[in-house]
Q: 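Here it is, the structure in full.
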Amino acid sequence: MSSYEPQTHEPNWQKIWDAENCFAAGAADDGREKYYVLEMFPYPSGRIHMGHVRNYTMGDVIARFRMAQGYNVLHPMGWDAFGMPAENAAMEKNVHPRDWTYQNIDTMRDQLKSMGLAIDWSREFATCDPTYYKHEQAMFLDFLEAGLVERRESIVNWDPVDQTVLANEQVIDGRGWRSGAPVEQKNLTQWFLKISDYSEELLNDLEGLTRWPENVRLMQKNWIGRSEGMELRFDLKGAPEGFEHLDIYTTRPDTLYGASFCAISPDHPLARKLAETNEEMAAFLTECAQRGTSEADIEAAEKKGVFTNIQASHPLDDSWMLPVYVANFVLMEYGTGAVYACPAHDQRDLDFARKYDLPVIPVVLPEGAAAEDYEIENDAFIGDGKMINSDFMNGLTPAAAFQAVAEKLETLGRGKRKTNYRLRDWGVSRQRYWGCPIPIVHCGSCGVVPVAKSDLPVTLPEDVSFDKPGNPLDRDIDWKTTTCPSCGGDAQRETDTFDTFIDSSWYYARFTELCENSATDAKSVAYWLPVDQYIGGIEHAILHLLYSRFYARAMEKTGHLHLKEPFAGLFTQGMVIHETFSTPDKIFVTPDEVTQTEDGQHVLKSDMSVAINVGPVEKMSKSKKNVVDPTNIIAKYGADTARWFMLSDSPPERDVHWTDAGVEGAYRFIQRLWRLVDSHADQLSTLANLADKHEQAVHPQSEADKALYKTVHQALAATTDDLNRLAFNKAVARIYELSNALSSAATNDGISKPVLFQGLSYLIIMAGPMIPHLAETCWQRLGHQQILAKTKWPVADDAVLMDDVITLPVQVNGKKRAEIEAPADAGEDDIKTLALADERVIKAIADKDIRKFIFVPGKIINFVV
RNA sequence: GCCCUCGUGGCGGAAUUGGUAGACGCGACGGAUUCAAAAUCCGUUGCCUUCACGGGCGUGCCAGUUCGAGUCUGGCCGAGGGCACCA
């Protein structure tokens, strides 16, 4: 018996699928029900990694499964090809970002093809293709016309040495990653998409996304952050001219009598004004600027502030003056960039108050506490209770107090109720070369002028250098200089390019048809969208998915789409993780460089005397070097082994731990499955006339036949159900069970050939979406004429799915004491009689009285004694 | 810091609606085959206790709800994802 050689069979089947055009999506009017399965497209970083293998294997299983079920399946692939790494490569390796990107795409396309994915490659594109971004530019102009775009000032991280804008990840401990210079903040006029106009709609429509994970919807809900509060006006004393009032936003006006101080953001206009004349303030603002713009850094920093020498009068009592601080924990982007603080009932306020010795007045009394001796120590109280120290609100609940104080403040004209959202508008300007040019011209006399649609695309200049700091587009005078589309005079091009999240906010629509003259084709998007199953990493739960939801709405408003929610079903997969290995001098090494001695010690392959430290299991990343290259795995074991391992064991939404033992196990199963089919194929070849008729009813006669038939059909029903629910790991377990059952049954003389033949055929069909190359080989070996990729998914025989006799556990006081066999349809009384006849039950109950009898049909019996 | 998720044998995990905890796989151990090894096949395998029958314990920790909790509630500990210019 020969062993199965993936290296021969896999490329062969890939050629056949290609030649037979198996995976091309059908026309939009071919009459079949459509199914659009999409995996988040990759950034062409150089080579595919195991995360890609996992993601694309899952999508492929769904695509193949739906194809077999008769759907018209769209399963495309493309490249999220603009972005920073290409510019970094240009700087480090002196290659053009375009060349680097397209070379990477070529490499990665070959790698993906070697996985045997059922992809319609005719729809492939890269977001850096002018034929793609041309439409992106045109749509932006439509958005501009529709009032979805704004231009305004916004802060960026600025590296004063490299003279360049830094991404948050390029700011390390407040310094530029290359120059090491302390980061400054800089105000730039930038383009924004008005996603905040859709806050309410994006929030409300989450409810309709029933096939999205609950946690993703919750994360988006919290991100949008709707809150009901009040905007209050405080009169200021001692403030510079033009700053007579301070507007603050609060969700807790009920705690206003617990006010202790006011705080404004370091980016607040008042803070900036003060810094002009106050050195201490200027120094503090500089210090705050060095944290960069990342919210995580700001929030995690120690609460600090500087007193402004300004006092604010309390809106409910003009004689009560509150000191105004500039504080590093107040965000300019949220509310009005200013807050009043009630330390007793807000932890951040409390930390700040303790540091600067400010009053802490409790105004909400928890239930059970006494007003006289209630004091706040190190934990603010944020729970419910009764109002105290609060004049007219005393005795009310905080909710009732909110209403009372809101009414009073509105009557006094000191404030108004306001619904606020945390969600901010989407800044889409990037001061970088490798992105989609923003199709705008700046004219001295006409101002900001859109490029004429007939002049699109605005393409990137070819001849650029990355040896100088800053944005190459800004330095390229030839490219920059143009004429004004409006007046024909001298003008300059916009030198910012788009955030790459724009590119990925509509690619799903573009896949439905690569039409030339418009972004989308109405008929094609109407047929294919929404995406039925979208699959990608949980790390995209908020930004990419929220931007895409907004973008679909913007496209709908401008006539490019007919729907608002682009992804009907979403699945977020876990990461691929691996141990980290390092040498005694703490240098990371790849798993390839490590081997194990006989006694299990990890050592360096090249020098076995060097002991290797095995570190924590983490997400595979280049920096930790804990990566396994899929190409090596596919070369050694074949794509089917890699795919099978990715689907086995770990639930798809959780992390999967890559282990050599696991891969070996997967490979052994591939071989075992081949042996099972190969060793019985000859004796079944007399059934050649049955070859493509495995769907026809078989008639099990003997007990062994009936048992196997039942096992096969139960496995088919369960696997179909598992695949419908994306429970790949469970489907894998079913296939193991069925192959074990078939392997035992095959040696049993009582099994008739048609039953065994159908069992083996079904087993191969079930395994087909997961390990397609081996499955095709087995399918052919069994004598089937048509290839598996074109074979229909069978339907299980309902008649044998239910068992006649079931085993019921019997509990006494909630502890399992026995099991009884009973007819599946037995009633409560019969079951009780049966159970009480069991000696283990009799023993457990002994002479105690039965107080209660619980019977859950098909599940359990419980005697309470 | 804030939001979200996860925690079950030696390991990955199963248990679909609150109803038999540990399916399936890996590893380990024992056996068959082999001159030998690899591969393959058969069997055992949560922990403690018992000669055995059996009994007890057990889903990160502490409480609670329930006839019954891996599953629900509250608190705690640990790990991970996101935090708006990484993609």
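Naming convention: chains lettered A, B, ... in sequence-line order (proteins, then strands); numbering from 1 in each chain.
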Q: Would you kindly say whether A:Thr293 and A:Asn168 are connected by a side-chain donor-acceptor distance under 3.5 Å?
A: yes
Q: Which word best sums up how the rings of A:Tyr43 and A:Trp100 line up, parallel for under 30°, tilted for 30 to 60°, or perpendicular for over 60°?
A: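 Rings of A:Tyr43 and A:Trp100: tilted, 30 to 60°.
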Q: Return whichever of A:Asp297 or A:Ile861 has its heavy-atom-nearest nucleotide of RNA chain B closer to the 5' end.
A: A:Asp297
Q: Please determine whether a side-chain nitrogen or oxygen atom of A:Lys816 lies at a distance below 4.0 Å from atom OP1 or OP2 of B:G58.
A: no
Q: Which one is paired to B:G80, where only Watson-Crick or G-U wobble pairs with both distances under 3.5 angstrom count?
A: B:C4
Q: Pick the C1' atom in B:U71 and in B:U65, then give their distance to the nearest Å.
A: 14 Å
Q: Mapping A:His657 and A:Asn215 onto RNA chain B by nearest heavy atom, which one lands closer to the 5' end?
A: A:Asn215
Q: Contact class for A:Ser648 vs. all strands (heavy atom < 4.0 Å): base, sugar-phosphate, or nothing?
A: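 Nothing: the residue A:Ser648, judged by heavy atoms under 4.0 Å, touches no strand.
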Q: Can you tell if the side chain of A:Asp159 reaches within under 4.5 Å of the side chain of A:Arg178, non-hydrogen atoms only?
A: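 When only atoms from C-beta onward are counted, A:Arg178 and A:Asp159 do not touch, as no gap falls below 4.5 Å.
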Q: Considering every strand shown, what is the Watson-Crick or G-U wobble mate of B:A21 when both distances are under 3.5 Å?
A: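 By the stated definition (distances under 3.5 Å), nothing pairs with B:A21.
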Q: May I ask you to verify if any side-chain N or O of A:Asn729 is less than 4.0 angstrom from the OP1 or OP2 atom of B:A14?
A: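 Checking A:Asn729 against B:A14: at least one side-chain N or O falls below 4.0 Å of OP1 or OP2.
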Q: Please check the phosphate of B:G54 (OP1 and OP2 only) for any side-chain N or O of A:Lys843 closer than 4.0 Å.
A: no
Q: B:C42 and B:G64: how far apart are their C1' atoms, nearest whole angstrom?
A: 49 Å
Q: If you check every side-chain atom of A:Asn740, which of B:C41, B:G56, B:C24 has the closest atom?
A: B:C24
Q: Does A:Trp644 have its ring centroid less than 6.0 Å away from the ring centroid of A:Tyr736?
A: yes
Q: Using purine N1 to pyrimidine N3 plus N6-O4 or O6-N4 for Watson-Crick, or N1-O2 and O6-N3 for G-U wobble, each under 3.5 Å, what pairs with B:A14?
A: none
Q: Does A:Asp649 contact B:G13 through a side-chain donor or acceptor facing the base, at a distance under 3.5 Å?
A: no
Q: So if I define the base as every atom that isn't primed, P, OP1 or OP2, how would nucleotides 79-87 of chain B read as a B/S/- string at a heavy-atom cutoff under 4.0 Å?
A: -SBSBBBBB
Q: May I ask you to test the A:Trp79-A:Thr101 pair for a side-chain heavy-atom distance under 4.5 Å?
A: no
Q: Using both distances under 3.5 Å as the test, list the Watson-Crick or G-U wobble partner of B:A69, or none.
A: none
Q: Using the P atom as the point on both nucleotides, what is the distance between B:G80 and B:C85, in whole Å?
A: 25 Å
Q: For the P atoms, the ones on B:G58 and on B:G43, what distance do you get once it is rounded to whole angstrom?
A: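 Nearest-Å result for B:G58 against B:G43 at atom P: 32 Å.
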Q: Given the P atoms of B:G75 and B:U17, what is the spacing between them in whole Å?
A: 24 Å
Q: Using atom C1' of each nucleotide, how far apart are B:C11 and B:G27 to the nearest Å?
A: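 Taking atom C1' in both B:C11 and B:G27, they lie 7 Å apart.
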Q: Please determine, for B:G43, whether a Watson-Crick or G-U wobble partner exists with both distances under 3.5 Å, and give it or none.
A: B:C29
Q: May I ask you to say what A:Lys303 touches in the nucleic acid, namely base, sugar-phosphate or nothing, with a heavy-atom cut-off under 4.0 Å?
A: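 Answer is nothing: A:Lys303 stays at 4.0 Å or more from every strand.
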Q: Report yes if a side-chain nitrogen or oxygen of A:Arg654 is closer than 4.0 Å to either non-bridging phosphate oxygen (OP1 or OP2) of B:G7; otherwise report no.
A: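 Yes, such a contact exists.
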Q: Between B:A21 and B:G70, how far is it from one C1' atom to the other, in whole Å?
A: 8 Å
Q: Work out how far the C1' atom of B:G9 is from that of B:C26, and round it to whole angstrom.
A: 13 Å
Q: Where the side chain of A:Arg817 is concerned, which of B:G55, B:U5, B:C57 is the nearest nucleotide?
A: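 Within the option list, the nearest is B:G55.
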Q: Among B:U5, B:G27, B:C67, find the nucleotide with the atom closest to the side chain of A:Arg668.
A: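 In terms of side-chain proximity for A:Arg668, the closest of B:U5, B:G27, B:C67 is B:G27.
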Q: Under 4.0 Å between any heavy atoms, over every strand shown, what does A:Arg851 touch: base, sugar-phosphate, or nothing? Just pick one.
A: nothing
Q: When you measure from the side chain of A:Asn862, which nucleotide among B:C67, B:G25, B:U5 comes out closest?
A: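 Nearest nucleotide to the side chain: B:C67.
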